[in-house]
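Residue numbers begin at 1 in each chain, while the letters A, B, ... track the order of the sequences. Nothing here was measured: the structure is a model prediction, and the numbers come from that model.
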Amino acid sequence: MDHEQPLAELLRVRREKLERIRELGVDPYPYSFARTHQAADVLSRSADLETSKETVSLAGRLMAIRGMGKSSFAHIQDSSGKIQIYVKKDIVGDTTYEVFKLLDIGDHIGLKGYVFTTKMGEISLHVDELILLAKSLRPLPIVKEKEGQIFDAFTDKETRYRQRYVDLVVNPEVRPVFETRARLLAISRRFLEEWSFLETETPILQPLYGGAAAEPFVTHHNVLERDLYLRIADELYLKRLIIGGFDRVYEIGKDFRNEGMDRYHNPEFTQLELYAAYEDYTFCMRFVEELYNRLALELLGTTKLTYEGKEYDLQAPWPRYRFFDLISESVGLDVRVLSDAALERECNASGLKLAAGEVGRGKMLDKLFGARVEPKLGGPCFVLDYPLELSPLAKRHRQDPGLVERFEGFLGGREFCNSFSELNDPADQRARFEDQGKLRALGDLEAQPLDEDFLHALEIGMPPTAGLGMGIDRLTMFFTDQHSIRDVLLFPQMR
RNA sequence: GAGAAUGUAGCUCAGCCGGUAGAGCAGCGGCCUUUUAAGCCGUUGGUCGCGGGUUCGAUUCCCGCCAUUCUCACCA
């Protein structure tokens, strides 16, 4: 006892209270409670409720207690918000008041009573009956507030992410981000449905990964005695479904990439991928513009969006720029006619050097674009027609075989989607895979492995098809004005 | 991978030019039947991230390590 740790003492006190509550004949963990209202309902309809004096029942977590001897005020919080309650000993009875005295901040309680307004003008519940719904055994951070000013906010980033349940209880600004995320997904699904897309589910555990330039996570199946990969993209499976005869398919799901983490990257993230038969990449541009307009209007009520202090207008159509025009303009030379050596000199001049494993003309162009062009792209806009080397799954440009019909969407200087007219010539696809194999042999760990079954499927025949991939996490960041991917993920990856 | 900052009570933070710690909130005890960052009185609570070094003496100075956060790099 004398050398008890401070936290241990707080825990002990709560467990002892739990026992005392049990000794009073009260079950601290009952099974259910019938509610008639939520806190926000009471506050918004207080005038009626106050005159009718009808019985209202609420349930919530105790967030503040102000005891005054034989009566007490407290605040409870439910999923709609907070409301004050008033508990009087001579109303609820001696035993209940004794139980009440044994409650802590964090406990769940159920209440019946009537609505009234206090002397100080706060709409409150005058409690007739109070029951404990679940005892809390650990201290919650205590956040206080006066006139909108927050005191002692629970701010430790690491603890907030690791104990998201505490963060959600205590920091009211967190929940709406995830509600918006959910609405954004629901609106997107409805929109996809309107556009006749079928939602599908393809393997996350894959014998061979592909569909993006990234390193995969490897896992092992014991009974099959073989390694499997967590998917880095849905692409190759969704195209198999197009080959199978579904005209429009999509999947919203997690992809996994074994790469670094920063405020834009989490090892697992959510992506929307869609494929539409008989369409090319211009279809996807229209789709993206219209989806963004729909999302903006439904979520924000306007096409104007503020992100990190800057305003963007999502009103369609968005400007379209060509990849090589942008890059040549920024470098001041026609990049397309530069030799590999000249290109490398240009990269060096921009202070870019290719790390080990970064090989080929494509990578150089990619880095140059990332360094010289991307930061200046406010957006929304589309960048079109990328070099062939960067896009092993995209179809050659109909007017320029050195390019592919591909675009990326940009907003706030960040790429947020990627789309192309899908390569459906099996011979060309095989050649592109073989080129990837050469890059891999040179040490490019992100080069895509040759997928023989996918080629088999392409040989069965894939109609002309347009494909699109879009990161849901970044989309959520834009629409909730969050600056870190961790703030739009309920449980971000921690070390 | 590099740099910067941070690490003291359950939470939020002080702690000077070295003398082994302080506040508010929470907790505990008392008073209080319309309070609201409730109030008043009293009170518990600390391996000062870890390990070395300097020193009579280190939370404080030095070195190393660990962890976290942010920025940059990497990452379609």
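- Counting heavy atoms of neighbouring residues, nucleotides and ligands inside a 6.0 Å radius, atom CZ of A/Arg20 does not exceed 12 of them.
- Atom CZ of A/Arg322 has 12 or fewer heavy atoms from other residues, nucleotides or ligands within 6.0 Å.
- Between A/Ile485 atom CD1 and B/rC75 atom C1' the separation is 12 Å, expressed in whole Å.
- Considering only side-chain N and O atoms, A/Arg160 lies nowhere under 4.0 angstrom from the phosphate OP1 or OP2 of B/rU69.
- Residue A/Thr118 places a side-chain atom within donor-acceptor reach of the base of B/rU36, judged by atom type and a 3.5 Å distance cut-off alone.
- Backbone-only engagement by A/Thr155 is indicated by non-hydrogen atom pairs under 4.0 Å involving sugar-phosphate atoms exclusively.
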Considering only distance and modelled atom types, tabulate donor-acceptor pairs under 3.5 Å from the side chains of residues 115-128 of chain A, sequence neighbours left out.
unit_1: A/Thr117; atom_1: OG1; unit_2: A/Glu50; atom_2: OE1; d: 2.8
unit_1: A/Thr117; atom_1: OG1; unit_2: A/Glu50; atom_2: OE2; d: 3.1
unit_1: A/Thr118; atom_1: OG1; unit_2: A/Met120; atom_2: N; d: 3.3
unit_1: A/Thr118; atom_1: OG1; unit_2: A/Gly121; atom_2: N; d: 3.3
unit_1: A/Thr118; atom_1: OG1; unit_2: A/Glu122; atom_2: N; d: 3.0
unit_1: A/Glu122; atom_1: OE2; unit_2: A/His75; atom_2: NE2; d: 2.8
unit_1: A/Ser124; atom_1: OG; unit_2: A/Gln84; atom_2: NE2; d: 3.0
unit_1: A/Ser124; atom_1: OG; unit_2: A/Glu122; atom_2: O; d: 2.9
unit_1: A/His126; atom_1: ND1; unit_2: A/Tyr114; atom_2: OH; d: 3.4

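- Note: A/His483 and A/Tyr307 have tilted aromatic rings, judged against thresholds of 30 and 60 degrees for the angle between ring planes.
- Of the P atoms belonging to B/rG19 and B/rA26, the separation is 32 Å, rounded to the nearest Å.
- Regarding A/Phe73, its CZ atom lies at a distance of 9 Å from the C1' atom of B/rU33, rounded to whole Å.
- The nucleotide whose nearest atom lies closest to any side-chain atom of A/Lys119 is, among B/rU34, B/rA37, B/rU33, B/rU34.
- Under the 3.5 Å distance criterion, with hydrogens and angles disregarded, no donor-acceptor pair is assigned to the side chains of A/Thr465 and A/Glu422.
- A/Met494 places its CE atom 10 Å from the C1' atom of B/rU69, with the value rounded to the nearest Å.
- Look at B/rC17: its glycosidic torsion is within 90° of 0, and that puts it in the syn range.
- Both A/Glu408 and A/Met120 sit near RNA chain B, but only A/Met120 has its closest nucleotide nearer the 5' end.
- Residue side chain A/Gln84 reaches the base of B/rU35 through a donor-acceptor N/O pair under 3.5 Å, judged by distance alone.
- Base contact: A/Ala213 has a heavy atom under 4.0 Å from a base atom.
- If you check every strand for non-hydrogen atoms under 4.0 Å, A/Gly67 touches a base.
- Atom OH of A/Tyr86 is separated from atom C1' of B/rC32 by 11 Å (rounded to the nearest Å).
- Among the heavy atoms of the strands lying under 4.0 Å from A/Ala153 are primed sugar atoms or P, OP1, OP2 only; no base atom is included.
- Taking atom CG of A/Leu11 as the reference point, atom C1' of B/rC11 lies 14 Å away to the nearest angstrom.
- Side-chain contact between A/Met285 and A/Trp318: absent, with no pair of heavy atoms (C-beta onward) separated by less than 4.5 Å.
- Within the nucleic acid shown, A/Glu446 comes within 4.0 Å of sugar-phosphate atoms alone, with no base atom in reach, counting heavy atoms only.
- If you check B/rG10, B/rU34, B/rU12 against the side chain of A/Asp156, the one that comes closest is B/rU12.
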Close N/O contacts between protein and nucleotides 24-28 of chain B (under 3.5 Å):
unit_1: B/rG24; atom_1: N2; unit_2: A/Asp152; atom_2: OD2; d: 3.3
unit_1: B/rC25; atom_1: O3'; unit_2: A/Lys144; atom_2: NZ; d: 3.3
unit_1: B/rA26; atom_1: OP1; unit_2: A/Lys144; atom_2: NZ; d: 3.3
unit_1: B/rC28; atom_1: OP1; unit_2: A/Lys17; atom_2: NZ; d: 2.4

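- The gap from the P atom of B/rU43 to that of B/rG7 amounts to 30 Å, rounded to the nearest Å.
- If you check every strand for non-hydrogen atoms under 4.0 Å, A/Glu158 touches sugar and phosphate atoms only.
- Within the structure, every side-chain polar atom (N or O) of A/Arg66 is placed at least 4.0 Å from both OP1 and OP2 of B/rU35.
- When rounded to the nearest whole Å, the span between CE of A/Met261 and C1' of B/rC74 equals 14 Å.
- Of the two residues near RNA chain B, A/Ser124 and A/Ala64, the one whose nearest nucleotide lies more 5' is A/Ser124.
- Across all strands shown, A/Arg138 has no heavy atoms under 4.0 Å from either base or sugar-phosphate atoms.
- Using C1' as the reference atom, B/rC61 and B/rU20 are 16 Å apart when rounded to the nearest Å.
- For the P atoms, the distance from B/rU33 to B/rG24 is 26 Å, rounded to whole Å.
- Rounded to whole Å, the separation between the P atoms of B/rC25 and B/rG42 comes to 13 Å.
- The side chain of A/Asp90 has B/rU33 as its nearest neighbour among B/rU33, B/rC74, B/rC70.
- Within the 3.5 Å criterion, the main-chain N or O of A/Tyr281 finds no donor-acceptor partner in the side chain of A/Ser419.
- A/Ile85 has its CD1 atom 13 Å from the C1' atom of B/rU36, to the nearest Å.
- For A/Met68, taking side-chain heavy atoms from C-beta onward, the closest of the listed nucleotides B/rU33, B/rC70, B/rA67 is B/rU33.
- A/Phe116 comes within contact range of at least one nucleobase, with a heavy-atom separation under 4.0 Å.
- At whole-Å resolution of the value, NZ in A/Lys82 and C1' in B/rA37 are 11 Å apart.
- The shortest non-hydrogen separation linking A/Leu393 to A/Gly211 is CD1-CA, 3.6 Å.
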*RNA chain B in dot-bracket, Watson-Crick or G-U pairs under 3.5 Å, [ ] crossing, | other strand?*
(((((((..((((.....[..)))).(((((.......))))).....(((((..]....))))))))))))....

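- Within the 4.0 Å cut-off from OP1 or OP2 of B/rA38, not a single side-chain nitrogen or oxygen of A/Lys146 is found.
- Look at the P atom in both B/rU60 and B/rG51: the space between them is 12 Å, to the nearest Å.
- Annotation: B/rA58 and B/rC16 have their C1' atoms spaced 15 Å apart (nearest Å).
- Figure legend: cation-pi geometry between A/Arg320 and A/Phe407 absent, as NZ or CZ is not positioned both under 6.0 Å from the six-membered ring centre and within 45° of its axis.
- For the pair A/Arg474 and A/Phe416, the NZ or CZ position fails the cation-pi test of under 6.0 Å to the six-membered ring centre and within 45 degrees of the ring normal.
- Taking the centre and axis of the six-membered ring of A/Tyr386, the NZ or CZ atom of A/Arg406 falls inside the cone set by 45° and 6.0 Å.
- Residue-level contact check: A/Arg257 touches neither bases nor backbone, having no heavy atom under 4.0 Å from any strand.
- Across the P atoms, B/rG64 and B/rG46 are found 32 Å apart, a figure rounded to whole Å.
- If you check every strand for non-hydrogen atoms under 4.0 Å, A/Arg406 touches a base.
- Within a 6.0 Å sphere centred on CZ of A/Arg138, heavy atoms belonging to other residues, nucleotides or ligands number 12 at most.
- Within the 4.5 Å cutoff, the side chain of A/Glu98 has no heavy atoms near those of the A/Phe100 side chain.
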